[in-house]
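Below is one structure; the comments refer to it alone.
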Protein chains: 4
Amino acid sequence: MDHSDRETSVGGKGEEQETRERILAAASQLMAQKGYKGATTRKISELAGVNEVTIFRHFKNKDAILEELLKGIMNVRQQLEDSLHGDFSELKDMLLRYARAYYEMLVERKEIMMICMIEADNHPEVMKLISSLPMTAVEVLCNKLQAFQDEGHLPRKDACVAALMFVSTCFYAFMAKYRANLELEFTEDQLFEDASEVLINGIMGKMNSHR
Amino acid sequence: MDHSDRETSVGGKGEEQETRERILAAASQLMAQKGYKGATTRKISELAGVNEVTIFRHFKNKDAILEELLKGIMNVRQQLEDSLHGDFSELKDMLLRYARAYYEMLVERKEIMMICMIEADNHPEVMKLISSLPMTAVEVLCNKLQAFQDEGHLPRKDACVAALMFVSTCFYAFMAKYRANLELEFTEDQLFEDASEVLINGIMGKMNSHR
Amino acid sequence: MDHSDRETSVGGKGEEQETRERILAAASQLMAQKGYKGATTRKISELAGVNEVTIFRHFKNKDAILEELLKGIMNVRQQLEDSLHGDFSELKDMLLRYARAYYEMLVERKEIMMICMIEADNHPEVMKLISSLPMTAVEVLCNKLQAFQDEGHLPRKDACVAALMFVSTCFYAFMAKYRANLELEFTEDQLFEDASEVLINGIMGKMNSHR
Amino acid sequence: MDHSDRETSVGGKGEEQETRERILAAASQLMAQKGYKGATTRKISELAGVNEVTIFRHFKNKDAILEELLKGIMNVRQQLEDSLHGDFSELKDMLLRYARAYYEMLVERKEIMMICMIEADNHPEVMKLISSLPMTAVEVLCNKLQAFQDEGHLPRKDACVAALMFVSTCFYAFMAKYRANLELEFTEDQLFEDASEVLINGIMGKMNSHR
DNA sequence: AATGAATGAGAATTCATTCAT
DNA sequence: TATGAATGAATTCTCATTCAT
């Protein structure tokens with residue numbers, strides 16, 4: 001990024017890393033579009049602007065590229081939890097923040113998410129990861145809602161279903177846009193805002209009706 | 001082995017049809033599991049219990065198999081609409097019915113749904129279809145909700161978001177089970193019931209708050 | 001072999017077998033000349049006059065070709081023993097017959113013998129076989145000589161060394177001609193005859209000197 | 001790492017030479033085990049503990065390594081002849097010395113001998129050399145025996161066959177041990193001793209019978 | 001002098017598809 | 001109608017070798 005004179009003259013290390021990144025980026029894009037098999041090493045090399053063999057100097061084999069890409073999907077729980085700080089009074093803002101954070105995470109990982117969906121059955125290691133992001137998202141939100149339940153702000157049951165509905169909505173929006181190339185008739189932010197409202201009412205109304 | 005005259009002249013037709021079905025079923029299963037490329041003609045023929053070349057006597061080429069499979073995804077709107085008959089008083093039952101109908105449709109078409117997700121970018125004709133089932137589902141539900149709005153039972157705005165949330169939830173449950181092999185901690189029916197309740201409260205609560 | 005009209009018209013089976021044989025013959029020749037690696041599937045296919053891929057319809061992979069070839073090296077003990085029938089009075093003729101039989105066996109298997117020598121370290125299954133022909137030859141002759149010892153025709157000790165010397169000579173002649181392309185200054189038959197004589201004298205002389 | 005001046009100017013030469021030797025040793029070992037093709041430059045460099053490219057700074061190409069190795073096979077005649085000094089009275093000792101000298105030569109050159117056997121057909125320059133050691137051995141021994149014939153100690157004919165048998169035996173023992181990993185049931189020295197005896201008796205007995 | 005990066009040629013093998021029967 | 005044989009194109013990956021530093 002900061003190609004200072006020193007780096008340019010010494011060269012080597014920076015360039016090598018850059019080549020590696022270009023290969024990963026190309027592989028990520030192609031695998032997301034065409035699947036693991038469809039992303040041939042030839043196509044990856046062409047898109048990355050390197051010789052096909054160079055790929056194999058950087059990665060043991062094609063599988064190793066996928067494994068490397070999969071590393072990017074992990075460790076999202078903390079970020080999701082961070083976006084949920086705050087107390088019950090700002091629940092709506094909190095949900096909005098959460099939706100945005102989750103959606104952004106999905107978008108940032110859209111290639112690898114697609115790869116996971118696509119290759120779930122072909123690569124066992126993928127199967128384990130595939131649920132991590134979506135299910136973690138449900139879990140984290142569910143925990144927060146249950147905390148509010150414990151504080152008496154929300155009715156006892158069903159926090160999980162509500163969390164699932166909310167996360168589903170974000171995920172669906174993501175899939176519609178990035179997999180099906182569909183344009184929804186409202187922006188994501190509008191959707192998240194409305195969905196937050198519906199959700200809160202849904203749980204609270206429930207609370208009321210339970211009372 | 002016992003190609004009697006009857007079978008050759010009359011039953012032959014049936015056999016041929018059956019062969020064709022077996023090929024389609026095998027292709028469907030394999031493509032759903034391994035993607036279009038992963039479902040090699042060899043594997044399809046083995047699973048279908050026919051000779052590899054026989055495939056090409058029934059279908060011009062591999063693409064033609066996919067196209068044939070895609071036909072099964074269309075024309076679901078009517079069935080979805082049918083499940084939504086009734087008036088506002090039985091809204092909850094209606095939603096429950098809708099969720100079940102939609103979920104069942106997804107499950108019945110799970111292979112081809114997966115293929116669509118997987119191959120969206122590779123087969124342009126798939127891309128057009130991919131949104132048909134999920135988006136039709138949103139649309140149909142949305143229309144019904146808007147009808148209730150027109151009748152004054154529901155607040156003006158946001159029917160679409162609510163519909164989207166509801167359909168998303170069903171879709172998410174479907175994906176969790178059939179793509180990620182995850183077991184949710186409640187049955188689909190419990191989920192649908194709770195989700196219906198949350199949704200109704202969500203929209204009604206909104207109505208209240210808007211008033 | 002007997003391409004009768006029926007076989008020609010019905011075709012199929014015979015042709016397939018023939019293709020397979022041509023591939024084996026080509027592989028045998030090339031592996032003997034150039035080693036396992038040097039005998040590329042491309043070269044094999046060219047020499048066999050078939051398409052490269054056809055090889056893989058007949059053999060699972062390249063290794064399977066070698067394994068098939070290796071089968072030809074086994075079960076030589078019986079033939080060697082058969083050539084040793086007769087009693088002590090015709091010892092010289094017997095040795096001559098044995099040398100010829102053994103040498104012919106080597107020549108008939110010259111390709112596979114060479115492959116074994118070449119690939120001993122690369123293919124463990126080869127290692128086990130490699131000694132079979134040469135060492136069996138020593139053993140069989142040694143047993144016969146020991147039988148004569150038991151009958152009192154030959155001195156007690158060293159039958160094995162004598163057998164080893166005799167077999168070595170045949171093997172050396174074989175290697176000189178077929179691996180090193182050397183022309184010895186006498187025919188194989190002359191060599192075998194003289195060697196038989198030297199051997200008999202060697203053992204008998206020993207007998208005399210021992211007495 | 002610590003390229004001190006001394007090492008660069010003086011020791012450098014030694015280091016460079018040492019590197020070269022390490023490459024040759026590694027190549028020799030690997031080619032003997034795995035053949036010319038099996039001994040990849042990568043494996044050679046790893047075994048030699050140098051960078052792969054370094055090989056090409058020391059040798060024009062892979063072939064040049066083999067050519068260098070082949071030089072080691074030449075000029076053995078003098079040593080073989082030296083081991084044959086002495087007169088007829090000590091014939092048995094002489095043969096024993098000869099067998100040991102020849103066997104030791106083979107063992108010292110076992111890698112390159114194997115390479116020659118393996119690559120005879122692939123490298124024309126190898127073909128010329130391949131016979132040098134074994135055939136020189138026959139020739140030298142044959143000459144000595146013929147000298148004894150000229151002195152009247154041995155019968156006229158067949159010295160060559162006897163020499164061939166003797167050398168064959170040594171060679172066979174060498175091949176059994178170093179190529180086929182076979183353990184003979186007696187030590188090399190026992191074998192050489194017995195073989196010498198058989199040989200002498202063989203020629204002398206012949207002499208007697210001719211008289 | 002030595003090394004890390006890069007590559008063209010070629011390896012074995014798979015795949016969808018055609019041909020001939 | 002169904003099948004066994006055959007194949008051209010493409011795939012992943014290896015190897016010897018060159019370039020630039």
Side-chain angles (χ1 to χ4, degrees), chain A residues 9-13 15-20 37-45 49-65, chain B residues 3 7-8 12-13 15-16 19 37-45 50-65, chain C residues 9-13 15-20 37-45 49-63 65, chain D residues 1 3 7-8 12-13 15-16 19 37-45 50-65:
Chain A
S9 59
V10 176
K13 213 68 180 185
E15 271 178 43
E16 179 181 4
Q17 198 57 26
E18 198 204 316
T19 301
R20 188 186 158 86
K37 297 209 175 176
T40 66
T41 53
R42 157 118 69 157
K43 282 180 193 147
I44 293 172
S45 71
V50 301
N51 184 281
E52 198 175 354
V53 187
T54 300
I55 292 175
F56 294 96
R57 273 190 54 85
H58 287 268
F59 301 92
K60 185 170 168 290
N61 51 29
K62 203 179 154 185
D63 254 35
I65 303 179
Chain B
H3 283 280
E7 279 191 30
T8 309
K13 211 69 179 187
E15 257 184 54
E16 189 181 352
T19 300
K37 298 212 174 180
T40 66
T41 52
R42 157 115 74 154
K43 282 179 193 148
I44 293 172
S45 71
V50 302
N51 184 281
E52 199 175 354
V53 188
T54 302
I55 293 175
F56 294 94
R57 289 200 10 89
H58 286 269
F59 302 92
K60 182 169 167 283
N61 52 28
K62 205 179 154 186
D63 257 32
I65 303 179
Chain C
S9 59
V10 175
K13 214 67 180 185
E15 271 177 43
E16 179 182 3
Q17 199 57 27
E18 197 204 315
T19 300
R20 188 186 158 85
K37 298 209 174 177
T40 67
T41 53
R42 158 120 65 160
K43 282 180 193 147
I44 293 172
S45 72
V50 301
N51 183 282
E52 198 176 354
V53 187
T54 299
I55 293 175
F56 294 95
R57 273 192 54 85
H58 288 267
F59 301 92
K60 186 171 168 291
N61 50 31
K62 203 179 154 185
D63 253 35
I65 303 179
Chain D
M1 287 305 168
H3 282 280
E7 279 190 32
T8 309
K13 211 70 178 188
E15 256 184 54
E16 191 180 352
T19 299
K37 298 211 173 180
T40 65
T41 51
R42 158 115 73 155
K43 282 179 193 149
I44 293 172
S45 71
V50 301
N51 183 282
E52 200 175 353
V53 189
T54 302
I55 292 175
F56 294 95
R57 290 200 11 90
H58 286 271
F59 302 93
K60 180 168 169 285
N61 51 28
K62 204 178 152 186
D63 258 33
I65 303 179

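Lettering follows sequence order; numbering is per chain, from 1. All heavy atoms count here, side chains included; hydrogens, waters and symmetry mates do not.
Checked by distance alone, Arg57(D) brings no side-chain donor or acceptor within 3.5 Å of a matching partner on the base of dA1(E).
Minimum interatomic distance between Lys37(B) and Gly38(A) (heavy atoms only, all atoms of both residues): NZ-CA, 3.8 Å. Closest non-hydrogen pair, Phe59(D) versus Ile65(D), comes out as CG-CG1, 3.7 Å. Among all heavy-atom pairs drawn from Thr41(C) and Ile55(C), the shortest one is O-CD1, 3.4 Å. Contact between Arg20(C) and His58(C) at its shortest, heavy atoms only, is NH1-O, 3.6 Å.
For the pair Asn51(C) CG and dC19(E) C1', the interatomic distance rounds to 14 Å; values are reported in whole Å. One interatomic measurement links the two molecules: CD1 of Ile44(C) to P of dG10(E), which rounds to 17 Å at whole-angstrom precision. Residue Ile55(D) contributes atom CD1, which lies 13 Å from atom P of dT18(F) at whole-angstrom precision. One can place CZ of Phe59(D) at 18 Å from C1' of dT18(F), the figure rounded to the nearest angstrom.
Heavy-atom nearest nucleotides on DNA chain F were determined for Ala39(A) and for Val50(B), and the one closer to the 5' end corresponds to Val50(B).
The line from OG1 of Thr40(A) to NZ of Lys62(A) is 6.5 Å long, rounded to the nearest 0.5 Å. Going from atom CZ of Arg42(C) over to atom CG of Asn51(C) covers 11.0 Å, rounded to the nearest 0.5 Å.
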Provide a list of protein-nucleic acid N or O atom pairs under 3.5 angstrom, restricted to nucleotides 13-15 of chain F.
unit_1  : atom_1 : unit_2   : atom_2 : d
dC13(F) : OP2    : Lys62(A) : N      : 2.9

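Side-chain nitrogen and oxygen atoms of His58(D) include none within less than 4.0 Å of the OP1 or OP2 phosphate oxygen of dA1(E). Residue Thr54(B) places none of its side-chain N or O atoms closer than 4.0 Å to OP1 or OP2 of dA2(F).
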Can you give the dot-bracket line for DNA chain F, where a pair is Watson-Crick or G-U wobble with both atom distances under 3.5 Å, crossing pairs use [ ], and | marks a partner on another strand? .||||||||||||||||||||

